[in-house]
Amino acid sequence: MADQYDLVVVGGGPGGYVAAIRAAQLKMKVALVERENLGGICLNWGCIPTKALLRASEINHLLHTLDAYGFAADNIRFDFQKVVKRSRAVAGQLSAGVKGLMKKNKVTVVDGTAKLAGPGRLSVTKDGKPVADLQAKNIILATGARARVLPGLEPDGKLVWSYREALVPDTMPKSLIVIGSGAIGSEFASFFLNMGAQVTLIEVMDRILPVEDAEISAFVQKSFTKQKMNVLTGAKLGQITKTSDSVTVSVEAGGKQQTITADRLISAVGIVGNVEDLGLEGTKVKVERTHIVTDELCRTGEPGLYAIGDVAGAPWLAHKASHEAIICVEGIAGMHPHPLDAMNIPGCTYCRPQVASVGLTEAKAKEAGHEVRVGRFPFIGNGKAIALGEPEGMIKTVFDAKTGELLGAHMVGPEVTEMIQGYTVARTLETTEAELMHTVFPHPTVSEAMHEAVLDAYGRVIHI
C-alpha cells in the first residue's frame, strides 16, 4: 500500500522545503523526498558556503589594508583548510536547521530518489533499493539544477573544478583560471584573488556579468583589473591541456592569441535542470532546454504535477524558488496568490565590489519602448562610504520619463546586496519617483546614495 499524502515535494532545497512548510501551515499532510542533504545546493554547495568563503576573503583584504585605518599587523597569514572547514560548518549548521524545521512542521522526510510511477504516485529508492511508495493528489518537483559541463572542461576532481570542487579544495592554488563571469564565476574569481591567487577570468561575451546593466559591468571589470585580475572578454577558447599539476588554456581575445597556464581551472558556464530519471515520459510535462515548462502558478501540463525553482527555469535564484513555492502551494490550496513578476526579483553578486540589481537595465528599458530618465550617484559622494573606507561604486536608477515608474535599479559597491531590497519593495508597491523623493533616508548611511540616485534622475541631486 502506498503512503497517502495531500502533497509530496521532490527535492529539499530552498524551493522544496519552503513548499513543504507552507503546505504544513495550511494543514496539509506533507512528505518531502531528498536524496542528499536538506537545504539543497543553496545551503550545502551554493549560496551559503560561498558567502562564508567570501567573508574570509574580505577579512584577508582588510588585514592587508590596515594602514589606511591606522593599524599595523605583522606576519599576516591564514590556514586555508580552516577557512574551508568553517564554510562547511556553516553549511552543515543550516542544513541541520532545515531538518529541525521539517520536524517542527510535522513534514515526513524520505531519504532517497523519487520517480513518478503513474498519476499521483511516486516510487522512492535508495542505492537502487525500494524505500517507499507515495501517493498524493499533488506533487511538486523541486529537483534543482547542476553545473553545465562543456566538452574538454569536465570536472576531474583535481585540476578542473565545478563549483562543488571549488568549495572544498585540498590546497590554496597560487594561480587560477575561471571560465564564465556570471555570478558564480565572478564570486569565485573574487574570492581566490582576495586570498592571494593570480586569477584570469575568461568570458565569451563582450563584457563580464553580461546580464547586468552595461555601466555596472564596465565598473566591475575596471575594479577587477585594478585589483590585478586578468580579465578577458569576447574570448574564444581553444585547446585545453593538462599536466600532473597545471592546466593550460589557449584563448583568443581582443584579436590576440595567447596561452594561459594555472594551477587550477573553474568552469562556471551555466547550469542545466535536473529533469532526468523523474519518470516524465508518458506525462504531459513539457521540457525545453533542460527545464520544465510551467504556467504562472507553477503548473505543468500534467494535472496535479507542479515544478518550482531551478528545474523550472531562469532566473536560477534561491529566493525565486522560495517565492514560487509559496505561490504554488497557495494555488493548490485555492488561495488565488499573485503570480510572480520576474522583473521584481532582485539579483545579487557577492564579489568585491558587490553588485545588485532589480528590474530593467537602461538598454532593456529602451528596447521595450520606454522613454527613460536615468539617475546616477557615486559612493565617493556619500559620507558613510568614505568613513568606511569603501567609496568605490555607484547607484543607477532608470525611470519611465512619462509616468515616473521605477523601471530598474543597478548598484555596485559596499553592501549593495543588502540595500537592493529597498528598490525591490518600491517596484512591488509600484512606487513612482515622487514617493521615493519624499522618502526620508537616515544619515549617515550608505543607503542615502539610493535617494540621491533618484534625485539625480530629475535634476535634483544634492551632493554631486
Side-chain angles (χ1 to χ4, degrees), residues 47-90 163 166-169 171-178 181-201 208-209 212 216-231 262-264 266 268 348-356 378-380 382-395 411-420 446 449:
C47 318
I48 299 302
T50 55
K51 303 311 162 285
L53 290 180
L54 284 159
R55 176 60 172 166
S57 71
E58 290 171 7
I59 293 171
N60 193 49
H61 169 69
L62 282 171
L63 287 172
H64 284 84
T65 55
L66 288 175
D67 183 64
Y69 300 89
F71 291 85
D74 298 322
N75 195 26
I76 297 169
R77 64 196 185 279
F78 58 83
D79 184 327
F80 191 61
Q81 286 309 307
K82 283 187 177 180
V83 171
V84 174
K85 184 177 180 181
R86 176 181 178 272
S87 171
R88 300 316 305 155
V90 169
Y163 60 83
L167 281 166
V168 288
T171 59
M172 170 71 191
K174 293 181 180 179
S175 56
L176 182 75
I177 298 168
V178 180
S181 71
I184 294 173
S186 291
E187 287 182 4
F188 275 121
S190 190
F191 166 72
F192 282 104
L193 181 78
N194 284 283
M195 293 301 285
Q198 293 180 322
V199 176
T200 296
L201 181 61
I208 65 171
L209 294 169
E212 299 294 344
I216 303 300
S217 293
F219 193 103
V220 176
Q221 183 166 337
K222 184 177 179 181
S223 177
F224 279 177
T225 301
K226 184 179 177 182
Q227 295 174 49
K228 301 205 168 33
M229 186 187 297
N230 182 24
V231 181
D263 293 341
R264 301 292 184 268
I266 296 176
C348 299
T349 304
Y350 300 80
C351 52
R352 186 174 70 84
Q354 292 184 8
V355 178
F379 281 114
I380 193 65
N382 177 267
K384 180 66 177 294
I386 294 171
L388 289 173
E390 298 188 52
E392 181 186 34
M394 64 173 288
I395 295 178
M411 315 166 76
V412 54
E415 298 305 323
V416 296
T417 56
E418 296 290 341
M419 295 192 296
I420 191 62
V446 182

Colleague: Taking atom CG of Asp79 as the centre, report whether more than 12 heavy atoms of other residues, nucleotides or ligands fall under 6.0 Å from it.
Modeller: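 Yes, the 6.0 Å shell around CG holds more than 12 heavy atoms from other groups.
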Colleague: Mind listing the closest non-hydrogen atom pair of Pro414 and Met419 along with its distance?
Modeller: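 Heavy-atom minimum between the residues: O-CE, 3.9 Å.
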Colleague: State the CG-CZ distance between Asn60 and Arg55, to the nearest 0.5 angstrom.
Modeller: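 Those atoms lie 12.5 Å apart.
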Colleague: Do the side chains of Glu187 and Lys51 get close enough for a salt bridge, i.e. N-O under 4.0 angstrom?
Modeller: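 Here Glu187 pairs with Lys51 in a salt bridge, since their nearest N and O are under 4.0 Å apart.
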Colleague: Mind checking the OG-CZ spacing from Ser190 to Phe224? Nearest 0.5 Å is all I need.
Modeller: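 Rounded to the nearest 0.5 Å, the OG-CZ separation comes out at 5.0 Å.
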Colleague: With side chains defined as the heavy atoms from C-beta onward, is the minimum distance between Phe188 and Cys351 less than 4.5 Å?
Modeller: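 SC-SC contact between Phe188 and Cys351 ruled out.
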Colleague: Compare every heavy atom of Phe219 with every heavy atom of Glu392, then report the nearest pair and how far apart it is.
Modeller: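 Where Glu392 meets Phe219 most closely, the heavy atoms are CG-CE2, 3.6 Å.
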Colleague: Mind checking side-chain hydrogen bond (donor to acceptor under 3.5 Å, both in side chains) for Lys222 and listing every partner two or more places apart, or none if nothing turns up?
Modeller: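 Lys222 satisfies side-chain hydrogen bond (donor to acceptor under 3.5 Å, both in side chains) with no other residue.
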Colleague: Nearest 0.5 angstrom please: His64 NE2 to Asn194 CG, how far?
Modeller: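 Output value for this atom pair is 10.5 Å.
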Colleague: Determine whether the side chains of Gln354 and Thr417 contain a donor N or O and an acceptor N or O closer than 3.5 Å.
Modeller: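 A donor-acceptor contact under 3.5 Å links the two side chains.
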Colleague: Quick one: closest heavy-atom pair of Leu209 and Ala183, and the distance?
Modeller: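 Smallest heavy-atom distance, with atoms named: CD2-N, 4.2 Å.
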Colleague: Quick one: closest heavy-atom pair of Asn382 and Ala449, and the distance?
Modeller: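 Shortest heavy-atom contact: ND2-N, 3.8 Å.
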Colleague: Could you measure the distance from the CG atom of Leu201 to the CG atom of Leu193? Nearest 0.5 Å is fine.
Modeller: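 Rounded to the nearest 0.5 Å, the CG-CG separation comes out at 10.0 Å.
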Colleague: Ignoring hydrogens and angles, tell me if any N or O in the side chain of Thr65 forms a donor-acceptor pair with the backbone of His61 under 3.5 Å.
Modeller: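 Yes; at least one donor-acceptor contact below 3.5 Å.
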Colleague: Verify the distance criterion only: is there a donor paired with an acceptor across the side chains of Ser223 and Gln227 at less than 3.5 Å?
Modeller: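 Side chains of Ser223 and Gln227: pair found under 3.5 Å.
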Colleague: Closest approach of Ser181 and Ile208, non-hydrogen atoms and distance?
Modeller: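 Distance-wise, the nearest heavy atoms are OG-CA, 3.1 Å.
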